Amino acid sequence: MSGLAGKLARLIAAVGPISVADYMSLVLSDPEHGYYTTRTAIGLDGDFITAPEISQMFGELIGIWCVATYEALGRPKRLTLVELGPGRGTLMADLLRAGRIDPGFARAVEVHLVEISPELRRRQAERLAGLASPVWHDRIDDLPAGPLIVVANEFFDALPIRQFMRTGRGWRERVVGLDADGNLAFGIGAAAPDPALLPAGALEAPEGAVAEINRPAEAIVETLAHRLVQHGGAALIFDYGHLRSGFGETLQAVRAHRYADPLRQPGECDLTAHVDFDRLARAAAAGGAAVLGPVTQGDFLLAVGLAERAGALGAGKDAAGQQAIVAAVERLAGPEEMGTLFKAMALTHPPMPLPGF
Ligand SMILES: C[S@@+](CC[C@H](N)C(=O)[O-])C[C@H]1O[C@@H](n2cnc3c(N)ncnc32)[C@H](O)[C@@H]1O
């Protein structure tokens with residue numbers, strides 16, 4: 001056993017089974033072998049594809065949304081424009097290009113990127129050359145003061161979740177340990193979890209039911225909400241996930257666009273879990289922000305002009321070009337594709353109506 005699998009096996013042999021959250025955190029961010037430390041696997045040639053990589057329309061529509069939000073905020077002189085987990089920088093590049101429609105917005109924005117991957121930071125710098133001079137941060141706590149707009153696409157699903165399972169002895173935390181052959185294997189911890197971590201209805205849930213909780217995501221949303229309350233602004237979040245808290249296992253590994261076993265090839269597959277928008281909305285409200293949505297990504301994109309943008313982009317293109325645009329619209333907003341599984345939610349302070357919700 002080599003690389004991260006060996007490192008994890010040695011750690012577990014020394015300290016005992018670790019939580020799913022610790023496992024996910026090490027697999028994604030281990031400084032030596034972590035998935036986001038060593039790989040840049042977004043895109044057709046990588047492990048998974050994201051909305052901004054499907055079509056420029058996604059980032060452009062978010063750019064227009066940001067301009068409308070800047071307007072609603074009273075056109076501040078300086079605006080901190082933040083992206084959490086910007087991947088290859090494509091969304092920010094398309095957003096900034098579309099934002100040029102309003103020269104006041106273009107002049108006011110200062111781009112800040114929160115990114116842990118050194119390799120992706122390099123890609124972002126290349127992609128944004130000539131468009132912005134971004135400042136990178138490891139954490140949102142380091143963002144500067146002042147009015148802000150934050151965007152995040154498929155960021156929260158990459159943060160570590162804890163899992164709990166209903167067993168014959170009640171609820172227990174799911175852990176990662178070693179089987180008789182020394183391979184990584186799921187197990188059940190001994191202690192009962194704090195009931196506040198479990199969704200409503202936990203006592204009636206059948207044996208085998210799984211509940212997941214993403215504490216880092218909730219902490220980040222609550223911190224963002226505090227910042228919005230202090231400085232004014234809005235945050236726009238897209239991710240796959242559910243509208244209501246409930247039961248079900250959603251931890252998944254993906255490599256080369258195929259599902260994989262989350263415990264095999266750690267560090268070589270992307271590991272994610274669905275986002276619980278219900279809990280995120282409650283964290284935002286606890287931080288004092290108003291919440292818009294969540295709505296489905298399809299509804300959001302159509303409400304902010306996806307069909308109109310597709311029509312304009314397709315004008316003058318040949319049949320193949322138009323077909324590609326229609327396919328991108330279907331991919332982004334179609335109910336069988338990203339349109340329903342993905343959700344959009346916004347946080348604002350002061351409370352204000354914004355396009356798409
Ligand atoms: C699934 S990718 C999404 C990329 C991009 N938003 C897109 O839509 O193509 C997740 C992004 O979040 C970054 N990331 C993951 N965990 C992070 C963390 N704890 N702090 C900062 N960035 C993180 C990754 O390096 C990557 O840029």
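The structure displayed is predicted, hence computed values, not measured ones. Sequential numbering from 1 along the given sequence is applied to the chain's residues. Start at 1 and go down the list; that is how both ligands and their atoms are numbered.
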Engineer: Of all the atoms in ligand 1, which lie at a distance below 4.0 Å from a heavy atom belonging to Asn153?
Structural biologist: 3 (C), 5 (C), 6 (N), 7 (C), 8 (O)
Engineer: Could you tell me whether some N/O pair between Glu53 and ligand 1 is separated by less than 3.5 angstrom?
Structural biologist: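 It does not: no N or O of Glu53 is found under 3.5 Å from an N or O of ligand 1.
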Engineer: Hydrophobic side-chain clustering at under 4.5 Å (ILVMFWY, transitive links): who's grouped with Phe156? Put none if nobody.
Structural biologist: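 Other cluster members: Val82, Leu84, Val114, Ile140, Leu143, Leu148, Val150, Phe155, Leu159, Ile220, Val221, Leu224, Leu228, Ile237, Val275, Phe277, Leu280, Val291, Met345, Leu347.
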Engineer: Under 4.0 Å, heavy atoms only, figure out whether ligand 1 is touched by the backbone of Leu159, its side chain, both or neither.
Structural biologist: side chain
Engineer: Which of the numbered atoms in ligand 1 are under 4.0 angstrom from any heavy atom belonging to Glu115?
Structural biologist: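 Once the distances to Glu115 are compared, the set is 13 (C), 21 (C), 22 (N), 24 (C), 25 (O), 26 (C), 27 (O).
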Engineer: In terms of the angle between their ring planes, are Phe247 and Trp171 parallel, tilted or perpendicular, with boundaries placed at 30° and 60°?
Structural biologist: parallel
Engineer: Which of the atoms in ligand 1, numbered in the order shown and given with their element, are less than 4.0 Å from a heavy-atom of Leu120?
Structural biologist: 25 (O), 26 (C), 27 (O)
Engineer: Do Ile64 and Val151 belong to the same hydrophobic cluster, where Ile, Leu, Val, Met, Phe, Trp and Tyr are linked whenever their side-chain heavy atoms lie under 4.5 Å apart, directly or via other members?
Structural biologist: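 Ile64 and Val151: one cluster.
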Engineer: Is it true that atom CZ of Arg264 has more than 12 heavy atoms of other residues, nucleotides or ligands lying nearer than 6.0 Å?
Structural biologist: yes
Engineer: Any sub-3.5 Å donor-acceptor pair from Arg127's side-chain atoms to Met92's backbone N or O?
Structural biologist: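 Pair absent, no side-chain N/O of Arg127 close to backbone of Met92.
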Engineer: Students should be able to answer this: which protein heavy-atom is nearest to atom 10 (C) of ligand 1, and at what distance?
Structural biologist: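 Minimum-distance protein heavy atom for atom 10 (C) of ligand 1 reads Glu154 O, 3.4 Å.
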Engineer: Rounded to the nearest 0.5 Å, what separation is found between the CG atom of Leu113 and the CG atom of Leu128?
Structural biologist: 6.5 Å
Engineer: Going by the order shown, which atoms of ligand 1 are within less than 4.0 Å of some heavy atom of Pro52?
Structural biologist: 7 (C), 8 (O), 9 (O)
Engineer: Look at atom 16 (N) of ligand 1 and find which of Thr37, Ile116, Leu91 reaches it with the closest heavy atom.
Structural biologist: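 When every heavy atom of Thr37, Ile116, Leu91 is considered, Ile116 comes closest to atom 16 (N) of ligand 1.
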Engineer: Run the numbers for me: atoms of ligand 1, each under 4.0 Å from some heavy atom of Gly87, listed by number.
Structural biologist: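 Once the distances to Gly87 are compared, the set is 4 (C), 5 (C), 27 (O).
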Engineer: Would you tell me which option among Gly59, Gly85, Ser29, Ala152 has the nearest heavy-atom contact to atom 5 (C) of ligand 1?
Structural biologist: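 It is Gly85 that holds the nearest heavy atom.
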Engineer: Would you check the N or O atoms of Leu84, main chain and side chain alike, for any that come under 3.5 Å of an N or O of ligand 1?
Structural biologist: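 Between Leu84 and ligand 1 (N or O atoms, distance only) the closest approach is not under 3.5 Å.
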Engineer: Check whether any N or O atom of Tyr36, backbone or side chain, sits under 3.5 Å from an N or O atom of ligand 1, and answer yes or no.
Structural biologist: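 The answer is no, given that Tyr36 and ligand 1 share no N or O pair closer than 3.5 Å.
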Engineer: Does the gap between the ring centers of Phe238 and Phe300 come in under 6.0 Å?
Structural biologist: yes
Engineer: Take atom CZ of Arg215 as the centre, draw a 6.0 Å sphere, and report whether it contains more than 12 heavy atoms from other residues, nucleotides or ligands.
Structural biologist: no
Engineer: Is there at least one pair of N or O atoms, one from Phe155 and one from ligand 1, spaced under 3.5 Å apart?
Structural biologist: no
Engineer: Heavy atoms only, cut-off 4.0 Å: how does Thr50 contact ligand 1, side chain, backbone, both, or neither?
Structural biologist: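 For Thr50, only side-chain atoms sit under 4.0 Å from ligand 1.
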Engineer: With heavy atoms of Ser117 as the reference, note each atom of ligand 1 found under 4.0 Å away.
Structural biologist: 25 (O)
Engineer: Hey, are Arg331 and Glu337 close enough for a salt bridge, meaning a charged N less than 4.0 Å from a carboxylate O?
Structural biologist: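 Between Glu337 and Arg331 there is a salt bridge, with a charged N closer than 4.0 Å to a carboxylate O.
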Engineer: Please determine whether a side-chain nitrogen of the Lys or Arg among Asp276 and Arg244 lies less than 4.0 Å from a carboxylate oxygen of the Asp or Glu.
Structural biologist: no
